[in-house]
Amino acid sequence: MAVLVALAACLVGPAPAAQAAVPDSPAVTYTNPIAEKRADPHIFKHTDGYYYFTATVPEYDRIVLRRATTIQGLSTAPETTIWTKHASGVMGAHIWAPEIHFIDGKWYVYFAAGATNDIWAIRMYVLEGTGANPLTATWAEKGQIKTQWESFSLDATTFVVNGVRYLSWAQRDPSVNNNTDIYLAKMANPWTITGTPVMLSRPTLSWETVGYKVNEGPAVIQHGGKVFMTYSASATDSNYCLGLLSASASADLLNTANWSKSSTPVFTSNASTSQYGPGHNSFTVSEDGKSDILVYHDRSYKDITGDPLNDPNRRTRVQKLYWKADGTPDFGIPVADGVTPQRFSSYNFADRFIRHWEYRARIEANVSPLADSQFRVVTGLTGSGTVSLESANFPGYYLRHKNFAVWLEKNDGTAQFASDASFHKRAGLADSAGVSYESYNFPGRYVRHYDYLLQVQAPSTATDRADATFYAQ
């Protein structure tokens, strides 16, 4: 039998070149910022085809909602005030961090508020909305979410794992000298927790304790049988950043031993892209449902005069969240304002992406840092219906060919550079669902990989065309 199999293999000949499947998560792009002066953003995609957006307003006095059929559409969608702070007493000050959820046929908004006689008596509260459209729904106050202590508490979020609904939030333990820890409990109904809450994380690491000892703003995303919880740490200035907790979805989530915590932050300020203090995030999904989207706020400058809480310029931003081969999230960097970047995987080497390494362009698997493989597709430096590919982590640097090898170099403003860094975007030469890039100044030559390095060559064989085809992700 073995001899027959070997003979058949010889007669059939060598196996055809490997071909990648069209990615499960094709590229999506947005233009940032989504909303100026909107902090602690929460975007919820509902089954009615609308995205619902709420956030903290800098006046800290009301809860606002927008809706649109696209994430980008939220930037110009009209805003409705659905609730205003009380004139006196509780819920009369510091209206912070609203989130909107749809649970068992009704809308719920979770938010934090102080009192007029003590603006720092921050507690968590719930509104219940009846009606198909929350912008026009009838809203009723369900009151305060009671926890194990009557202490500073905020940033409630709710999620379901294996049919069980949980609440996570940030709260100050009165017996500990810090600001807030992250807690988790099951829910009896959308405004009531049940059982004894457990502490998942306390700010003890150096990057969690800059300015203030803070863990706050939990947000949950599930992927590949795992539960991932981001949280924000340190003061709300440029030191603000995201940490990550993770657990198996099949584990007892109320057993703290089942959670692991990142030793370093997963999302931080980036001077190259002029993004500072990224944090208090939420997650949503792209319009086609195939990409996870990170929603967060930051500022476009580092230095703040006075208390950061009095600075109104935190703004809502979005970018695609990627997943590593091991199933963990890769947040990358907060990308520059403007159009968000894409990644380009090889048609015939599915796990390899275009990246720059020591300024040489190549394809490689398991790219780290992620931003080395992210490029903004912008209007070509020559115009003329062309495009240029700008590095995500080196703004102002573009892929260009030089002696027909492709490099990442800084735009020197010359006509030669503009020509070398401009390409015509074509349907993929090996698959029209992909993309190929034809040189602007050498028509007929395309960006292709050869020995994993990018070149600009004229394709003549099926292999050449496969090497010159990429999928945007």
inquiry  = Please determine whether salt bridge (Lys or Arg N to Asp or Glu O under 4.0 Å) holds for the pair Asp237 and Lys302, giving the CA-CA distance in whole Å, both sets of side-chain angles, and the decisive distance to 0.1 Å.
reply    = CA-CA 8 Å; Asp237 54 19; Lys302 180 178 182 180; over 6 Å; no
ask   = Going by the angle between their ring planes, with limits at 30° and 60°, are His42 and His101 parallel, tilted or perpendicular?
value = tilted
inquiry  = Under a 3.5 Å threshold, yes or no: a donor from one side chain and an acceptor from the other, between Asn281 and Thr230?
reply    = yes
task = Determine, for Asp311 against Arg299, whether the closest basic-nitrogen to carboxylate-oxygen distance falls under 4.0 angstrom.
result = yes
Spatial distance of atom CD (Gln473) from atom CZ (Phe344) [nearest 0.5 Å] = 10.0 Å
ask   = So, does Thr180 use its side chain to make a donor-acceptor pair with the main chain of Gln171 at under 3.5 Å?
value = no
query = Do Trp107 and Tyr52 pass the side chain to side chain contact (heavy atoms under 4.5 Å, CB included) test, and can you show the C-alpha distance, the side-chain angles, and the key distance before you say yes or no?
reply = CA-CA 11 Å; Trp107 295 98; Tyr52 292 91; 3.8 Å; yes
inquiry  = For Arg123, is there an ion pair with Glu150 - N to carboxylate O distance below 4.0 angstrom?
reply    = yes
task = For this output row, return yes or no: ring centroids of His449 and Phe349 closer than 6.0 angstrom.
result = yes
query = Between Tyr452 and Arg362, is there a cation-pi geometry (under 6.0 Å to ring centre, at most 45° from the normal)?
reply = no
message = Contact between Thr157 and Tyr110 at the side-chain level, heavy atoms closer than 4.5 Å - yes or no?
response = no
message = Tell me every residue that passes side-chain contact (heavy atoms from CB on, under 4.5 Å) with Val64, counting only those two or more places apart in sequence or in another chain.
response = Arg38, Val57, Arg62, Glu79, Thr81
task = Ignoring hydrogens and angles, state whether a donor on the side chain of Ser201 or Lys261 is under 3.5 Å from an acceptor on the partner side chain.
result = yes
inquiry  = Is it the case that the side chain of His86 and the backbone of Val90 share a donor-acceptor pair, with hydrogens and angles ignored and the cut-off at 3.5 Å?
reply    = yes
inquiry  = What I'd like to find out is whether the side chain of Leu167 reaches to under 4.5 Å of the side chain of Tyr183, using heavy atoms alone.
reply    = no
query = Are any of the side-chain heavy atoms of Ser274 and Asp337 separated by less than 4.5 Å?
reply = no
key: Side-chain heavy atoms of Phe394 within contact of His356, under 4.5 Å   = yes
inquiry  = Please report the interatomic distance CD1(Ile71) to OG1(Thr29), rounded to the nearest 0.5 Å.
reply    = 11.0 Å
key: Aromatic Phe353 / basic Arg343 pairing, under 6.0 angstrom, 45° off normal   = yes
ask   = Salt bridge between Asp372 and Arg355, side-chain N to carboxylate O under 4.0 Å?
value = yes
request  = Please check if any side-chain donor atom of Trp323 sits under 3.5 Å from a side-chain acceptor atom of Asp292, or the reverse.
outcome  = yes
query = In terms of side-chain geometry, is the basic nitrogen of Arg315 or Asp298 positioned less than 4.0 Å from the acidic oxygen of its partner?
reply = yes
ask   = Is there a donor-acceptor pair closer than 3.5 Å between any side-chain N or O of Asp181 and the backbone N or O of Asn215?
value = no
request  = Enumerate the residue pairs fulfilling salt bridge (charged side-chain N to carboxylate O under 4.0 Å, His left out) with a member in residues 211-222, sequence neighbours excluded, ordered by first and then second residue.
outcome  = none
request  = Please check if the distance between the ring centroids of His223 and Phe228 is under 6.0 Å.
outcome  = no
query = Crowded around Phe159 CZ? As in, over 12 foreign heavy atoms under 6.0 Å?
reply = yes
request  = Apply side chain to side chain contact (heavy atoms under 4.5 Å, CB included) to the pair Asn179 and Arg172, showing each step before the final yes or no.
outcome  = CA-CA 5 Å; Asn179 292 86; Arg172 183 169 188 259; 5.8 Å; no
query = Are the side chains of Val378 and Ser388 in touch, meaning some heavy atoms are under 4.5 Å apart?
reply = yes
key: Side-chain (His297) to main-chain (Asp40) donor-acceptor, under 3.5 angstrom   = yes
